Amino acid sequence: MSEPIPHAHTTTTTENGSFCIARCACGWYGPARRARARAREDAAAHLVATGDGTAHPGRPSV
C-alpha cells in the first residue's frame, strides 16, 4: 500500500465581524486581526516557518 500524501500548507483568510483570521489546511490558525494585511502577514509567516511555498514576509502569497 502507498503512504498517504502529507497535508499541503494552503492558507486562506476569513472574516468574522470586524476581525480577519488566517487559517491553514494543516489546522494552524493565527490570531484575530482587525487589519486584513496583518492576517495575511501571519499566513505568510506560517508558510515560511513550515518551509512550504515561496512566501516572503513582506509579500504574502495568500
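Worth saying up front: this structure is predicted, and the values here are computed from it rather than measured.
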* **H9 and H46 aromatic ring geometry - parallel, tilted or perpendicular at 30°/60° bounds** =>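 Perpendicular, since the angle between the ring planes exceeds 60°.
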* Asked: Between CG of L47 and CG of D42, what distance do you get to the nearest 0.5 Å?
  ->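 If we round to the nearest 0.5 Å, L47:CG and D42:CG are 11.0 Å apart.
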Check whether any side-chain heavy atom of [X] lies under 4.5 Å from a side-chain heavy atom of [Y], and answer yes or no.
X	Y	result
Y29	T11	no
S18	R34	yes
R23	T13	no
C24	T10	no

* Would you name the heavy atoms of A22 and W28 that are closest together and state the gap between them? =>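 The pair with the smallest heavy-atom distance is O-CZ3, 3.8 Å.
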* Asked: Take atom CZ in R33; do more than 12 heavy atoms of anything else shown fall under 6.0 Å from it?
  -> yes
